Amino acid sequence: MSIPAAPPRPPSYDKKIALVLQGGGALGSYQAGVYEALSNSEYLPDWVAGISIGAVNAAIISGNAPEHRVARLREFWERITAPANSWPALFNGALGAGWGDDRQAAAVAAMFFGQPGFFAPRPPAEWMFGHTPASVYDTGALKSTLESLVDFDRINARETRFSVGAVNVRSGDFSYFDNAEIAIRPEHVMASSALPPGFPAVEIDGEYYWDGGLVSNTPLQYVLTYLPRRSRLVFQVDLFPARGPVPATLAETCERQKDIRFSSRTRIVTDALRHIHDVRHNINELWEKLPEALRATPEAQFLYAFGCVTTMDIVELVDRPRDVQGYSKDYEFSRGTMEARWVRGRADAEATLRASPWLAPRQPGVGARNFDVLAGTSQGAAMGA
């Protein structure tokens, strides 16, 4: 049976397209699969924003010509999932059946030996004579990888909007590095990916930065609230599912608590932004119905400043594997698991494109809608939804 094609994008649906990529380490190949599907659609992003591994994927996408992006993503993910040495196989045999399979062996190997082109353990000499480094791993290899796969001149030419989030270590403030405002270098991507205590803080212009996921694991708020606002269709790719079964084993418990911890902020931010944009939208519609005398009052003028004519469609693509992945899933870099995540991301995005729920008519009073095709949910489709 043939798979139905996605409906054509009508000229009347003229929203700008954004791709929002959250953090999740090894889980990020799901995002690459999502992008591969989008690259073959009528919804090629004009703005890509990311945090942590999402920042790395965003840089590869924005820093290459559209026809080369999927190949560069593939090269990155194959490079960092190549075995560092023969130790994973030895771990798998030595740890015994209680450790399960090659995936757990790959996670243990990543902890001990790092991943090619990404990170490596600091040499023993750095831990001697009472000295303790500020991080477990060195990420110099990531800089070399970025320089070989990303054309930063292209990013800074602003062909595609590019934004990555990081946290200032001294102040605790959240910062975005945006090619609309500054020149982007590999260090900006590495700063967004510097999750402590594993990875070291990255120095940029005299300040030090850590992974933006410490504050927020999604750059959705930045994309939707950046002024001047534009009506947008946003594909938000989540690597940790909020919903899941009650755990029956310790391994399932460890995985489930990590999913809840990392997905909760994304869900809270998404719900809050949808409600806030509905308020903005309704302030603007109410303003059009007010008589001039009321418009002139200080109270009305105050509220009008918060109004907005834009409308937003937020499409969630959430990685929901059917089998237990384990607590170490975000640092389990085995090639087979990477490939499976990539295929899952592409299939989920293709199914979402075939449904295209954002093409349905918008109900009055709705400023933002939220769709999760694979979960069968739609929020904000009507007042009070």
Side-chain angles (χ1 to χ4, degrees), residues 1-7 9 13 15 17-24 26-45 48 50 53-54 57 70 73 217-220 223 232-246 252 255-256 258-271 273-274 312-325 329-330 337-360 368-382 385:
M1 185 175 65
S2 62
I3 300 175
R9 177 179 175 177
Y13 192 84
K15 284 181 168 60
I17 312 297
L19 178 62
V20 169
L21 305 174
Q22 70 168 218
L27 304 174
S29 60
Y30 178 88
Q31 297 172 342
V34 168
Y35 180 77
E36 183 177 13
L38 293 180
S39 71
N40 295 316
S41 75
E42 298 181 272
Y43 298 95
L44 198 66
V48 186
I53 196 64
N57 283 331
V70 173
L73 286 168
N217 207 32
T218 175
L220 181 66
V223 169
R232 287 198 172 273
L233 169 63
V234 180
F235 292 95
Q236 178 172 239
V237 188
D238 299 337
L239 302 178
F240 296 94
R243 298 183 181 276
V246 175
E252 293 175 5
E255 179 181 359
R256 187 74 195 111
K258 182 175 280 190
D259 286 341
I260 293 172
R261 179 152 47 93
F262 284 106
S263 67
S264 60
R265 293 179 185 175
T266 300
R267 183 174 49 185
I268 290 170
V269 168
T270 303
D271 289 347
L273 288 172
R274 181 171 57 82
M312 307 292 181
D313 287 333
I314 306 165
V315 179
E316 294 195 51
L317 287 147
V318 185
D319 187 11
R320 299 184 179 97
R322 294 183 178 180
D323 59 326
V324 175
Q325 302 287 293
K329 63 183 180 181
D330 52 340
T337 304
M338 180 276 287
E339 294 281 3
R341 288 169 180 150
W342 185 304
V343 169
R344 199 160 55 240
R346 184 176 62 234
D348 288 355
E350 288 172 347
T352 298
L353 289 165
R354 287 194 296 272
S356 295
W358 51 87
L359 298 181
R369 300 184 294 181
N370 204 100
F371 305 102
D372 186 341
V373 170
L374 278 300
T377 61
S378 173
Q379 295 178 303

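Since we're looking at a predicted model, the values are computed, not measured.
To the nearest 0.5 Å, the span separating CG on Leu27 from CD on Gln22 amounts to 8.5 Å. Considering CD of Glu316 and CG of Leu374, their distance stands at 11.5 Å, rounded to 0.5 Å. Rounding to the nearest 0.5 angstrom, the gap separating the CZ atom in Phe262 from the CG atom in Asp330 is 6.5 Å. In this structure, the separation between CG on Leu239 and CG on Leu21 is 8.0 Å, given to the nearest 0.5 Å. In this structure, the separation between CG on Asp259 and CD on Gln325 is 9.5 Å, given to the nearest 0.5 Å. Between the CD1 atom of Ile314 and the CG atom of Leu273 there is a distance of 6.5 Å, given to the nearest 0.5 Å.
Between Trp358 and Tyr43, the two ring planes are perpendicular [angle over 60°; tilted spans 30° to 60°].
The side-chain heavy atoms of Asp238 and Ser263, taken from C-beta on, include no pair separated by under 4.5 Å. Side chains of Leu19 and Val237 form a contact here, defined as non-hydrogen atoms less than 4.5 Å apart. Within the 4.5 Å cutoff, side-chain heavy atoms of Val20 are placed close to those of Thr218.
Residues meeting the salt bridge (charged side-chain N to carboxylate O under 4.0 Å, His left out) test with Glu255, sequence neighbours left out: Lys329. With sequence neighbours left out, Arg261 forms a side-chain contact (heavy atoms from CB on, under 4.5 Å) with Gln257, Lys258, Tyr327.
Between Arg243 and Asp372 no salt bridge is recorded (no basic side-chain N to carboxylate O distance below 4.0 Å).
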